[in-house]
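Because the structure is a prediction, the values reported are computed rather than measured. Both ligands and their constituent atoms are indexed starting at 1 by order of listing.
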Amino acid sequence: MALVHDPRIDDARDRSMREVLDKLPPLAGVKFGKREGVGPCPKCGGDDRFSINLKTRVYNCRSCGGGDHIGLVRLVLDCDFMEAIEFLEGERGVEIDPAERERRRKVREDQKEKDEADEAQYRAWAIRDAISIWQACQPFRGTLAEEYLAFRVPGFEFLPLAFMCFRFIPDLPYVKRIKKRNHTLHSGPVLVAAVQAPDGMMRAVHRTWIDLDQPSGKAQIFTPDGKPLPSKVVRGSKQGGAIRLTGNACGSSMVSGEGIETTLTALVGGVLPGASYWAGVDLGNMSGKRVGGKFSDEPDMDGGPSFVPPCTVDDFWLIKDGDSEPRETQAKLTACAKRAMRINPGLSAHIVPTVPGGDLNTMIKRPGEQ
Ligand SMILES: [Zn+2]
């Protein structure tokens, strides 16, 4: 079968993104700057995920994917390629029956509601699971978990603090779901840390599988086909939570690193006397949702629960881990710092880089100090 090339395809390809946007129904909530539009995705509604570049004529949604200006027509109208061409170049304008569009919209909405309900149910289940893990723990002092932290953070054992955030399990299976089946890939002693939500409630546990025979002190865990897996796994809902190393009470300054060990290293160093030391669980949790792509440092202020220091804090130090990808790490920590400063305009935030073997004491200096 010979295909006859439809010249309207070329006409459609030649159109600018602005022309396409003028023809489409307005995209609710999408704010346009000179070069870019950012806002909720017209298909999935995802905030902070959707952007349109007017110059390069591409759009992108972190859930639905991306494409060119013709792809955008397909996304918005939920139509196929030729329907999009017809819409852009057809003499009769919109060719898709309004009733059919309404039907498609309804299907999408129902699916979104169902997904949200499933997610809420899954989260509730994960939180219950986290609480039962916590309840099955032993006290932390005098256990292998304390030994692990003393091994990773020299001087830890001399800190005169209660560390209520830590507990210990002598033998916990490491279970991973692969291809719809649960696999127990390892079992052993675990340091369990409570992740407290901004309201103080514990909604997740952070677990570190320990093996003091390894140089890192952490267990080496592999998939059945030999791929390495993280020895630290969070269970529950960590959203905006923190591991409160120095407890709930919070003064005017706070030091936060991504990991327990990094933040404890600063604590052992006595970097800021009287400060609270809260670990941010992971970088994604610290940055919260962001507007734009992977390297964006712009926090989405409407993006749900986020890691923010309590309102008593006006001096906030973020420790940048040396072993993470530098550009993305910087972007995520900057987003965290910007969010904290926007929520509390009296707060000043600082990002402190660590260098391998570097001394945090020499890096954290108050303004004016030498
Ligand atoms: Zn989307």
All N/O donor-acceptor pairs, side-chain side in residues 239-246, below 3.5 Å, sequence neighbours left out:
from   : atom 1 : to     : atom 2 : distance (Å)
Arg244 : NH1    : Asn248 : OD1    : 3.1
Arg244 : NH2    : Ala197 : O      : 3.1
Thr246 : OG1    : Tyr277 : N      : 2.9

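Aromatic ring pairs are classed by plane angle as parallel below 30°, tilted from 30° to 60° and perpendicular above 60°; the pair Phe156 and Phe163 is tilted.
Counting only protein N, O or S atoms, the number found under 2.8 Å from the Zn ion (ligand 1) is 4.
Under the ring pair (Phe, Tyr, Trp, His ring centres under 6.0 Å) criterion, Phe168 pairs with no residue at all, not counting sequence neighbours.
Remark: side-chain polar atoms of Arg290 are paired, donor with acceptor, to backbone N or O of Lys294 under 3.5 angstrom.
Val313 forms part of a hydrophobic cluster together with Met254, Trp278, Leu283, Met286, Phe307, Phe316, Leu318, Leu333, Met341, Leu347, Ile351, judged by ILVMFWY side-chain heavy-atom separations under 4.5 Å.
Cation-pi geometry between Arg203 and Trp134 is not met at under 6.0 angstrom from the ring centre and within 45 degrees of the axis.
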